[in-house]
Amino acid sequence: MLHKTLQSLLAAALFAATLSGAQAETVKVGATPTAVPFNFLDPKSNTLQGVMIDIADAVGKKAGFTAEVMPIPFASLVPALQTRKIDMIASAFANTPQRAEVVDFTQTVLEYGEALIVPDKDKTDYRHIADLKGKTVGVQIGTLYVEPLKAAPGLKEVKMYETMSDLVRDVALGRLDAAFGDGPVIAYQVRKQGVPNVRYVDSYQPQMPTNISLAVRKGDTERARKLDAAIDALKQDGTIAAIMEKWGVATQ
């Protein structure tokens, strides 16, 4: 009996040690530091914060790992994942067929559409891309809006920008007639934070739906499975909805 008791205690101890080790795992997470309110560098704490940072932390706790978030430029997210600089992408990173060829996505975390901004002196009620005929428009490199805008007939020019902040600045300075970007990001910057000389076009109707997912290396199916299970749990217990509300993000 004593022998069996010792065996049971030893098995329990080994299980606890294994579980502790799993919980202690650190997963390197890449996030763009310039997409308020999804992920941005807080100058006060010098740390990355935002919707996707909170989601990465919550998913990590649920899945049993610690998320070590690293600032990565948007265009470098996939290369950083492929070269194992990071293990996961948690950013305003859309799930598209093209990207699914080089990374594996989880289920959709949240969904939204694009938004349009123009100089505030332009009072036109634009509704569609076609309404911008003859205009110079800006868009962020690497976003799913690039190709549709390049293919849109009638635009004078499509200019590429590294960050959303640069886009907003050039609209304010009159260097761009218009700019497109992630709806919640633009709404947060222009409406909530306030940007002089820039108008958020309320009449515009989104035409390019964006599904945001977490991403892992191609073939990392076990990690993707664990992330999906954690996302399911966080949707059901209201955690993701609470994070959206915390940051004032309205999604579709």
Side-chain angles (χ1 to χ4, degrees), residues 24-63 65-81 85-94 106 109-112 114-115 117 138-143 161-173 179-198 200 210 212-216 227 230-231 234-235 238-251:
E25 178 190 7
T26 297
V27 173
K28 295 181 179 179
V29 180
T32 305
T34 55
V36 180
F38 287 104
N39 16 263
F40 63 96
L41 188 64
D42 178 18
K44 294 182 179 179
S45 62
N46 199 36
T47 60
L48 281 171
Q49 297 193 23
V51 173
M52 296 307 295
I53 308 304
D54 286 355
I55 287 177
D57 287 339
V59 167
K61 290 176 182 177
K62 189 68 68 172
F65 66 81
T66 299
E68 179 185 342
V69 184
M70 304 172 62
I72 306 287
F74 192 87
S76 300
L77 285 171
V78 172
L81 187 64
K85 182 177 181 180
I86 58 175
D87 305 302
M88 183 176 91
I89 295 173
S91 197
F93 190 69
T106 66
V109 177
L110 57 100
E111 180 182 354
Y112 55 77
E114 82 279 10
I117 54 174
V139 65
Q140 187 178 3
I141 295 171
T143 63
Y161 286 80
E162 288 286 347
T163 70
M164 184 61 63
S165 297
D166 292 336
L167 274 173
V168 175
R169 178 204 63 211
D170 274 13
V171 171
L173 294 175
F180 288 90
D182 294 335
V185 176
I186 287 185
Y188 192 94
Q189 292 191 21
V190 175
R191 283 175 162 171
K192 190 164 184 177
Q193 294 185 321
V195 180
N197 304 319
V198 174
Y200 183 99
T210 299
I212 299 300
S213 303
L214 302 179
V216 298
L227 295 176
I231 293 168
L234 296 174
K235 285 181 176 179
T239 298
I240 290 180
I243 291 172
M244 300 296 108
E245 183 176 358
K246 169 187 172 181
W247 291 101
V249 173
T251 60

Just wondering, do [Y] and [X] contact through their side chains at under 4.5 Å, heavy atoms?
| X | Y | answer |
| --- | --- | --- |
| Val59 | Leu227 | yes |
| Glu114 | Thr210 | no |
| Val27 | Glu68 | no |
| Ile186 | Gln189 | no |

Which pair of non-hydrogen atoms, one from [X] and one from [Y], has the smallest distance, and what is that distance?
| X | Y | result |
| --- | --- | --- |
| Leu48 | Ile53 | O-CG2, 3.5 Å |
| Ala115 | Gly183 | CB-CA, 3.6 Å |
| Phe93 | Val78 | CZ-CG2, 3.6 Å |
| Ala92 | Ile212 | C-CD1, 3.7 Å |
| Gln140 | Thr163 | NE2-CA, 3.9 Å |
| Gly181 | Met164 | CA-CE, 3.6 Å |

Derivation of the side chain to side chain contact (heavy atoms under 4.5 Å, CB included) call for Tyr161 and Ile141: CA-CA 6 Å; Tyr161 286 80; Ile141 295 171; 5.9 Å; no
Approximate separation, where rounding is to 0.5 Å, of [X] [atom1] and [Y] [atom2]:
| X | Y | atom1 | atom2 | answer |
| --- | --- | --- | --- | --- |
| Leu167 | Phe180 | CG | CZ | 11.0 Å |
| Met52 | Ile89 | CE | CD1 | 10.5 Å |
| Leu77 | Ile72 | CG | CD1 | 7.0 Å |
| Ile86 | Ser76 | CD1 | OG | 9.5 Å |

Name each donor-acceptor pair under 3.5 Å that joins a side chain in residues 29-41 to protein atoms two or more places apart or in another chain, with its distance.
unit_1 : atom_1 : unit_2 : atom_2 : d
Thr32  : OG1    : Ser91  : OG     : 3.2
Asn39  : ND2    : Thr32  : O      : 2.8
Asn39  : ND2    : Ser91  : OG     : 3.2

Main-chain N/O of Leu214 paired with Thr106 side-chain donor or acceptor, under 3.5 Å: yes
Side chain Asp42, main chain Lys44, donor-acceptor under 3.5 Å: yes
Derivation and outcome, side chain to side chain contact (heavy atoms under 4.5 Å, CB included), residues Ile240 and Ile231: CA-CA 8 Å; Ile240 290 180; Ile231 293 168; 4.2 Å; yes
More than 12 heavy atoms of other groups within 6.0 Å of Lys85 NZ: no
Steps toward side chain to side chain contact (heavy atoms under 4.5 Å, CB included) verdict (Lys62, Asp57): CA-CA 9 Å; Lys62 189 68 68 172; Asp57 287 339; over 6 Å; no
Test log, rule side chain to side chain contact (heavy atoms under 4.5 Å, CB included), inputs Met88 and Val69: CA-CA 9 Å; Met88 183 176 91; Val69 184; over 6 Å; no
For Val195, all residues meeting side-chain contact (heavy atoms from CB on, under 4.5 Å), sequence neighbours excluded: Val168, Val190, Val198
